[in-house]
Asker: 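Structure provided below as structure tokens; questions to follow.
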Amino acid sequence: AQTIHQWPVAEIKAVGSPLSLGCTIKGKSSPNLYWYWQATGGTLQQLFYSITVGQVESVVQLNLSASRPKDDQFILSTEKLLLSHSGFYLCAWSLGGASAETLYFGSGTRLTVL
Amino acid sequence: GDSVTQTEGLVTLTEGLPVMLNCTYQTIYSNPFLFWYVQHLNESPRLLLKSFTDNKRTEHQGFHATLHKSSSSFHLQKSSAQLSDSALYYCALSDMGYKLTFGTGTSLLVDP
């Protein structure tokens, strides 16, 4: 069975500080990987997607970056946090192919920027 | 670009009454995939149902929806609401690539 693990569960960070969030998928080779952001009371906004190691596509510009250093790992980061980065970050995976496939979400990381 | 509209931010109804959550979309693609995701409190979203076939009813866990391309709609329905249905419901649209566009979500609150 496939499992998706996100870390950390929650972060409280200062404005201007760096951030790194991680996601690992086990039990599925070469999954499509996604980062989503959910502001408090807001919709799910797709940030990045990756269909293969080393390749990441940006969907929106929010002063964030993403990398896929391994087939089963997806990293979201920034060098300088903004207040507007606060929210709930979700990693997700889907089977190889188009996003017409089901998205399976991780348990998320709640980020508070002060 | 693609967009999904969910007109109700909050729907409150009594247990046992029917549920209908609205979803309309805009896209240039002639064969879009439409999804409903449900997110219970303190949980992550999970797929409820999906469809890409015009005028075909899709059902799962008592919920159903029919994609109507003529009206660009994919409304979610259930004949009888249960307390456990209280959650946030997102309609979403796929461009058949790797982008999934979500609506703003509808919070469903079912009272006893």
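Below, chains carry the letters A, B, ... as their sequence lines are ordered, and counting in each starts from 1.
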Asker: Which atoms of A:Y36 are under 4.5 Å from chain B, going by heavy atoms: the side chain, the backbone, both sets, or neither?
Answerer: side chain

Asker: Taking a hydrophobic cluster as the set of Ile, Leu, Val, Met, Phe, Trp and Tyr residues connected by side-chain heavy atoms closer than 4.5 Å, whether directly or through intermediates, do A:I25 and A:W7 fall within one such cluster?
Answerer: no

Asker: Is there a donor-acceptor contact under 3.5 Å from the side chain of B:E43 to the main chain of A:S107?
Answerer: no

Asker: Hey, which residues of residues 70-77 of chain A are touching chain B, say heavy atoms under 4.5 Å apart?
Answerer: none

Asker: Could you state the interatomic distance from CD (B:Q39) to CZ (A:F105), rounded to the nearest 0.5 Å?
Answerer: 8.5 Å

Asker: What is the distance from atom OG1 of B:T101 to atom CD of A:Q45, rounded to the nearest 0.5 Å?
Answerer: 8.0 Å

Asker: Among the clusters formed by ILVMFWY side chains lying less than 4.5 Å apart, do A:L33 and A:V53 turn up in the same one?
Answerer: no

Asker: Residues two or more places apart in sequence or in another chain: which of them pass side chain to side chain contact (heavy atoms under 4.5 Å, CB included) with A:V9?
Answerer: none

Asker: Look at atom CD of B:Q26 and say whether more than 12 heavy atoms of other residues, nucleotides or ligands are closer to it than 6.0 Å.
Answerer: no

Asker: Considering only heavy atoms, give the residues of residues 102-112 of chain B separated from chain A by less than 4.5 Å, sorted numerically, with 'none' for an empty result.
Answerer: B:F102, B:G103, B:T104

Asker: Which answer fits A:L90, side chain, backbone, both or neither, if we ask what part of it has an atom under 4.5 Å from a heavy atom of chain B?
Answerer: side chain

Asker: Look at the side-chain heavy atoms of Ile, Leu, Val, Met, Phe, Trp and Tyr, link any pair under 4.5 Å apart, and say whether A:L111 and A:I12 land in one connected group.
Answerer: no

Asker: Please round to the nearest 0.5 Å and tell me the distance separating atom CG of A:L103 and atom OG of B:S44.
Answerer: 12.0 Å

Asker: From A:E57 CD over to B:K99 NZ, what is the distance, rounded to the nearest 0.5 angstrom?
Answerer: 8.5 Å

Asker: Report, in residue-number order, which members of residues 64-92 of chain B are under 4.5 Å from chain A by heavy-atom distance.
Answerer: B:L88, B:Y90

Asker: In terms of heavy-atom contacts, does CD of A:E79 have more than 12 from other residues, nucleotides or ligands at under 6.0 Å?
Answerer: no

Asker: Should B:V38 and B:F33 be regarded as members of a common hydrophobic cluster, given that ILVMFWY residues are connected when their side-chain heavy atoms come within less than 4.5 Å of each other, either directly or indirectly?
Answerer: no

Asker: Under a single-linkage definition using a 4.5 Å side-chain heavy-atom cutoff for Ile, Leu, Val, Met, Phe, Trp and Tyr, are A:Y34 and A:L19 assigned to the same hydrophobic cluster?
Answerer: yes

Asker: If you count heavy atoms of other groups shown closer than 6.0 angstrom to CZ of A:F88, is the number above 12?
Answerer: yes

Asker: Got B:Y37 and A:T102 here, is their nearest side-chain heavy-atom distance under 4.5 Å?
Answerer: yes

